**Q** 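Before we start, here is the structure in question, set down as structure tokens.
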2 protein chains.
Amino acid sequence: MRLRHVLLVLIAERPHTGYDVTQRMQKTMSMIWSAHHSQIYPELAAMEADGLLTCEAGAGPGPREKKTYTVTEAGRHELRIWLGSPYQPRAPKDELVLRAFAAASADPAELAAVYEEETRQIEGRLARYATIRAEVEESGHTDDPTRPEFGHLLSLLHGIAVAEARLVWCRDTVRRLRAADLVR
Amino acid sequence: MRLRHVLLVLIAERPHTGYDVTQRMQKTMSMIWSAHHSQIYPELAAMEADGLLTCEAGAGPGPREKKTYTVTEAGRHELRIWLGSPYQPRAPKDELVLRAFAAASADPAELAAVYEEETRQIEGRLARYATIRAEVEESGHTDDPTRPEFGHLLSLLHGIAVAEARLVWCRDTVRRLRAADLVR
DNA sequence: TGTTGCATGTAAGGGGTTACATGATTGA
DNA sequence: TCAATCATGTAACCCCTTACATGCAACA
């Protein structure tokens, strides 16, 4: 039931439609979580049935109604319980690291190219994070723990820290693989 | 088809039984990947059916035969193809970061306790990584790209780098949450 | 007139976790 | 005698991705 908590977090900030949630996941929230609308719409309906959300329906642009969801008191309670509960990490499943693990079965030059491309990707991501960070900090609410921006900055700082660590690792990996390729 | 590649990587090093693979995932490989035996046994059977593995069966300790799998030439080919193919990252889904994102809906002191516990967990993990690193480096094969230890060290260095970055972030997050709690 | 954005839904299938199930050997 | 280790399998269920499906409004 992890998506349920993601949806509670977002809708607790302010009311959202399923479409709004989908957009936020694809854009600003993409370094934390993502989900497809095909997963979001049924879950929102289930959460309403369970009393965590209420729904206000109105005329929509298409053939169906547009539904705006709001968190109920029961929903806020569930959210607080979850936020204080012990954290149980999932096993990391990282294909990039798996490939490094398998280096002995690879062509070093080919594998080095994969990590070189990844350094470029991470550099781009870091640039985007820097832009978002400037926007969030400009809001002036990042020291107020009752404001969403406080938490947004925290998660952004995580994204930046981990991306930087991976960037250094990727560069070192390219260097080691190139050295290995010369020896060969 | 991601588990398939993990199994190819491990069995390409040397023949494994399903039990061997399960053990390695739970122990030394846990920072890269993990899977339960209920997923591994059927996948090994499917890979044999697809010609990526061959299987040698003998008397086992229990009611069923013990099966040792070896990678075929087709399996090694598939592995090389995958290692050189473009990397497409999955969306990160990190509950710890999601909680930070939701800080505005949390009790700051309670949330700080969650991150304090996580710093302790990471410190323990880093100590275990250091032990494994010493063992791998002692083997003396970490500069030879044809040896499994070369790749093992690379992935271990990733685990260490990311764990250290997260540790710094966790400590900073505790500090920010405690400061917020005082203001409140 | 064709594409993008808004807005909501269903269906099929892949991947993963938890639980159920069996049974021999070794060591405390 | 009780627990752990070795060893393999199935079944139910949950979560997620990909693809199918509809239709209006605005803009180029």
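Below, each value reflects all heavy atoms present in this structure, side chains not excepted, and no hydrogens, waters or symmetry copies. Each chain gets a letter, A, B and so on, in the order the sequences are listed, and its residues count up from 1. Just so it is clear, the model here is predicted, and its values are computed rather than measured.
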**Q** Go through the N and O atoms of the side chain of Ser38(A) and the base of dT18(D), and report whether any donor-acceptor pair is under 3.5 Å.
**A**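 Donor-acceptor pair under 3.5 Å: yes.
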
**Q** Is it true that Glu78(A) and His5(A) share a donor-acceptor pair across their side chains at a distance under 3.5 Å?
**A**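 Side chains of His5(A) and Glu78(A): pair found under 3.5 Å.
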
**Q** From C-beta outward on His37(B), which listed nucleotide comes closest to its side chain: dT8(C), dT17(C), dC20(C)?
**A**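 Selected nucleotide (nearest to the side chain): dC20(C).
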
**Q** Testing the 3.5 Å rule here: is there a donor-acceptor pair between the side chains of Arg166(A) and His158(B)?
**A**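 The answer is yes; a qualifying pair exists.
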
**Q** Rounded to whole angstrom units, what separation is found between the CD atom of Glu43(A) and the P atom of dT17(D)?
**A**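 The distance from CD of Glu43(A) to P of dT17(D) comes to 14 Å, rounded to the nearest Å.
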
**Q** Rounded to whole Å, how long is the line connecting atom CD of Glu65(A) with atom P of dC24(D)?
**A** 16 Å

**Q** So Gly60(A), base contact, sugar-phosphate only, or nothing? Heavy-atom distance under 4.0 Å.
**A**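 Result for Gly60(A) = nothing.
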
**Q** Between Glu48(A) (CD) and dT8(C) (P), how many Å, whole number?
**A** 13 Å

**Q** In whole Å, I'd like the distance from the CG atom of Leu3(A) to the C1' atom of dC16(D).
**A**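 For the pair Leu3(A) CG and dC16(D) C1', the rounded distance is 9 Å.
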
**Q** Respond yes when some side-chain nitrogen or oxygen of Lys93(B) is under 4.0 Å from OP1 or OP2 of dT17(D), and no when none is.
**A**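 For Lys93(B), the contact criterion (side-chain N or O under 4.0 Å from OP1 or OP2 of dT17(D)) is met.
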
**Q** On DNA chain D, does the nearest nucleotide to Arg90(B) precede the nearest nucleotide to Tyr69(B) from the 5' side, or the other way round? Give the residue.
**A** Tyr69(B)

**Q** From C-beta outward on Pro61(B), which listed nucleotide comes closest to its side chain: dA7(C), dG23(C), dG9(D)?
**A**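 Comparing dA7(C), dG23(C), dG9(D) against the side chain of Pro61(B), the answer is dG23(C).
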
**Q** Whole angstrom is fine here: how far is it from CZ in Arg24(A) over to C1' in dC6(C)?
**A**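 Rounded to whole Å, this separation is 18 Å.
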
**Q** Using a cut-off of less than 4.0 Å, is there contact between a side-chain N or O of Tyr19(A) and OP1 or OP2 of dC6(C)?
**A**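 The answer is yes; a side-chain N or O of Tyr19(A) sits under 4.0 Å from OP1 or OP2.
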
**Q** NZ of Lys66(A) versus P of dC24(D): gap in Å, rounded?
**A**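 Atom NZ in Lys66(A) sits about 17 Å away from atom P in dC24(D).
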
**Q** Where the side chain of Arg64(A) is concerned, which of dG9(D), dT22(D), dT8(C) is the nearest nucleotide?
**A** dT8(C)

**Q** Any chance the rings of Phe150(B) and His141(B) have centres within less than 6.0 Å?
**A**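 Not close enough - the centres of the two rings lie 6.0 Å or further apart.
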
**Q** From C-beta outward on Tyr41(B), which listed nucleotide comes closest to its side chain: dA7(D), dA7(C), dG16(C)?
**A** dA7(D)

**Q** Do any side-chain nitrogens or oxygens of Lys67(B) fall under 4.0 Å of OP1 or OP2 in dG9(D)?
**A** yes

**Q** Could you tell me whether the side chains of Gln121(B) and Glu117(B) share a donor-acceptor contact shorter than 3.5 Å?
**A** yes

**Q** Grab the CE-C1' distance between Met25(A) and dC16(D) for me, whole Å please.
**A**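 Interatomic distance, CE of Met25(A) to C1' of dC16(D): 12 Å.
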
**Q** Can Gln26(A) and His37(A) be counted as having a side-chain donor-acceptor contact under 3.5 angstrom?
**A** no

**Q** Whole angstrom is fine here: how far is it from CD in Gln39(B) over to P in dC20(C)?
**A**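 So the two atoms are 19 Å apart, to the nearest Å.
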
